[in-house]
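One structure is given here, and the rest of the page talks about it.
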Amino acid sequence: MWITEYEQQMFGPDHTLETMDKAAELKNKHMPDVLYKYRGVSQNTLEALRNDFLFSSQPQEFNDIFEGSITLQKPAIVANLYRKLYANARRRYPFLPDKVVTSHKEFIESTVQPFGGTYEEITQDSLLSSVLTMIEELMNGRMDKDIAWIQNYARNMYNICCFSAESNNELMWAHYADQHKGFCVGYSIKELNNDLTHLTLPVIYTKKCHVEINDWDDVDGSLCMHMLSTKSPQWSYEKEWRTFFLPNPPCHKEIMPTPSVVYLGARISDKDAGAIYEICKNKGIQMYKMMPSVEKHVLIPKIYRGT
């Protein structure tokens, strides 16, 4: 599937600006022409429709309790930590052996002999003492605290607007549009070819619905996007795409293009339908109402011209 290639090029361990450009091309090729936002009817959602904005959300508020899950690959992290710490020590003490050090034993062996001293004497050096203290903390459970810190960091680094690739998804109407009493707004984000387009990413549904971290230096904006774009296949019915925004409290209002289409839910009240119709008529937005077909067990959009 294209999504597997996209994930590797966009977030893989060897990703570069060049591979990310290729991932963007692949994403744009498969991005739906219209993405849909399911809404219940409220003063806020009517205001958003009237004034072309959406409220973005913090990932920590999403209904998936595993949102942004990570695992720390302890052996790899420890090996990378020793490798970098020893490289830093060599920059300070060039006479240390030119080698790759990936363990506590190798670190000690590579420093004791060149210094011509004992382990106790080495710990009196301020740099090496701090290094050893950090390693001991790491080995004594600091990683568990860092998992929580990284996940909290990622969940607060971006705000997100969630969309679906489908407008007639029965479960989405039930779960996110007040049990078919709300409405669904379609945005032609793809054709904009601007920051909104570039920062709209597909959700990757995978059984390994967590991101593995092998190196502390990998914790950056790209990793956070990867964490917040990965979900369990149990959520695949949503066919979700996400637009990433920098946090902008307190309102989290995000400017959106005028919708290209609006669908009314099959159970929407005449009052709510009328309010939405007036907004769409003034903005020139095409409107439909979803009608359930019992024979085909599908929602069929019918042009809506008011009551």
Side-chain angles (χ1 to χ4, degrees), residues 31-58 61-64 159-192 196-197 200 202-203 235-243 245 248 250-307:
M31 188 176 186
D33 290 333
V34 181
L35 291 172
Y36 301 95
K37 183 74 173 177
Y38 290 82
R39 320 303 311 272
V41 180
S42 69
Q43 290 301 315
N44 283 339
T45 57
L46 292 178
E47 179 193 359
L49 177 63
R50 184 180 297 109
N51 295 312
D52 294 332
F53 72 85
L54 288 176
F55 291 101
S56 61
S57 301
Q58 291 183 300
E61 299 172 351
F62 289 171
N63 52 11
D64 181 2
N159 272 27
I160 291 175
C161 281
C162 302
F163 302 92
S164 174
E166 295 181 341
S167 60
N168 63 343
N169 188 311
E170 182 182 346
L171 290 177
M172 294 295 288
W173 277 104
H175 295 167
Y176 296 100
D178 194 17
Q179 300 180 9
H180 300 265
K181 292 179 288 203
F183 62 112
C184 177
V185 185
Y187 294 96
S188 300
I189 293 175
K190 181 177 181 178
E191 69 179 21
L192 298 176
L196 196 65
T197 312
T200 300
V203 168
W235 297 90
S236 61
Y237 74 91
E238 294 185 345
K239 295 181 172 56
E240 187 177 356
W241 288 68
R242 292 181 165 183
T243 303
F245 300 93
N248 56 349
C251 296
H252 306 292
K253 285 186 177 181
E254 314 297 350
I255 298 173
M256 296 294 293
T258 297
S260 52
V261 63
V262 168
Y263 297 91
L264 301 177
R267 295 173 175 167
I268 194 168
S269 69
D270 289 342
K271 176 183 177 182
D272 290 341
I276 295 171
Y277 176 75
E278 288 302 317
I279 295 173
C280 291
K281 182 175 68 173
N282 292 335
K283 298 175 73 68
I285 302 171
Q286 182 67 62
M287 283 188 67
Y288 297 84
K289 184 175 182 180
M290 288 298 185
M291 306 299 293
S293 170
V294 177
E295 295 82 4
K296 299 180 180 179
H297 196 82
V298 68
L299 296 170
I300 298 176
K302 300 290 186 182
I303 292 178
Y304 184 82
R305 297 188 173 89
T307 55

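Predicted model, so just to flag it, every value in this text is computed and none were measured.
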Between L49 and I276, does a side chain to side chain contact (heavy atoms under 4.5 Å, CB included) hold up when you go through it step by step? CA-CA 8 Å; L49 177 63; I276 295 171; 4.0 Å; yes
Please report the interatomic distance CD(E47) to OG(S42), rounded to the nearest 0.5 Å. 9.5 Å
Verdict with reasoning, F62 to I160, per side chain to side chain contact (heavy atoms under 4.5 Å, CB included): CA-CA 10 Å; F62 289 171; I160 291 175; 3.9 Å; yes
In terms of heavy-atom contacts, Y36 and E166 come closest through CD1-C, 3.5 Å
In this structure, CG of D33 is separated from CD of E191 (nearest 0.5 Å) by 8.0 Å
About how many Å separate OH of Y176 and SG of C162, when rounded to the nearest 0.5 Å? 7.5 Å
Measure from the side-chain N and O atoms of S164 to the backbone N and O of E238, and report whether any donor-acceptor pair falls under 3.5 Å. yes
Can you classify the ring geometry of W173 versus H180 as parallel (below 30°), tilted (30 to 60°) or perpendicular (above 60°)? parallel
Would you say NZ of K302 has more than 12 non-hydrogen atoms from neighbouring residues, nucleotides or ligands within 6.0 angstrom? no
Quiz: residues 256-269 side-chain donor-acceptor pairs under 3.5 angstrom, not counting sequence neighbours:
residue, atom, partner, partner atom, Å
T258, OG1, D52, OD2, 2.9
S260, OG, G186, O, 3.3
S260, OG, S188, OG, 3.1
R267, NH1, Q179, O, 3.4
S269, OG, D272, N, 3.1
S269, OG, D272, OD2, 3.3

Quick one, D178 with F183, criterion side chain to side chain contact (heavy atoms under 4.5 Å, CB included). Give me CA distance, side-chain angles, the key distance, then yes/no. CA-CA 9 Å; D178 194 17; F183 62 112; over 6 Å; no
Does some side-chain heavy atom of I189 sit less than 4.5 Å from a side-chain heavy atom of F163? yes
Measuring from atom CD of Q286 to atom CD1 of I303, what distance do you get when rounded to the nearest 0.5 angstrom? 5.5 Å
Here the pair of heavy atoms bringing L299 nearest to E170 is CD1-CA, 4.2 Å
Atom CD of E254 and atom OG of S57: how far apart are they, to the nearest 0.5 Å? 9.5 Å
Any salt bridge (charged side-chain N to carboxylate O under 4.0 Å, His left out) pairs touching residues 180-189, not counting sequence neighbours? none
Is it the case that the side chain of S293 and the backbone of V298 share a donor-acceptor pair, with hydrogens and angles ignored and the cut-off at 3.5 Å? no
Can you name the closest pair of heavy atoms from L35 and P32 and give their distance? CD2-CG, 3.8 Å
Does V185 offer a backbone N or O that forms a donor-acceptor pair with the side chain of Y38 under 3.5 Å? no
Anything under 30° is parallel, anything over 60° is perpendicular, the rest tilted; go ahead and classify Y237 against W235. parallel
Begin from the C-alpha positions of N51 and K253 and carry the test side chain to side chain contact (heavy atoms under 4.5 Å, CB included) through to its verdict. CA-CA 11 Å; N51 295 312; K253 285 186 177 181; over 6 Å; no
Where Y187 and L54 come nearest, the two heavy atoms and their spacing: OH-CD2, 3.6 Å
If I take atom NE2 from residue H175 and atom CG from residue N169, how far apart are they, to the nearest 0.5 angstrom? 9.0 Å
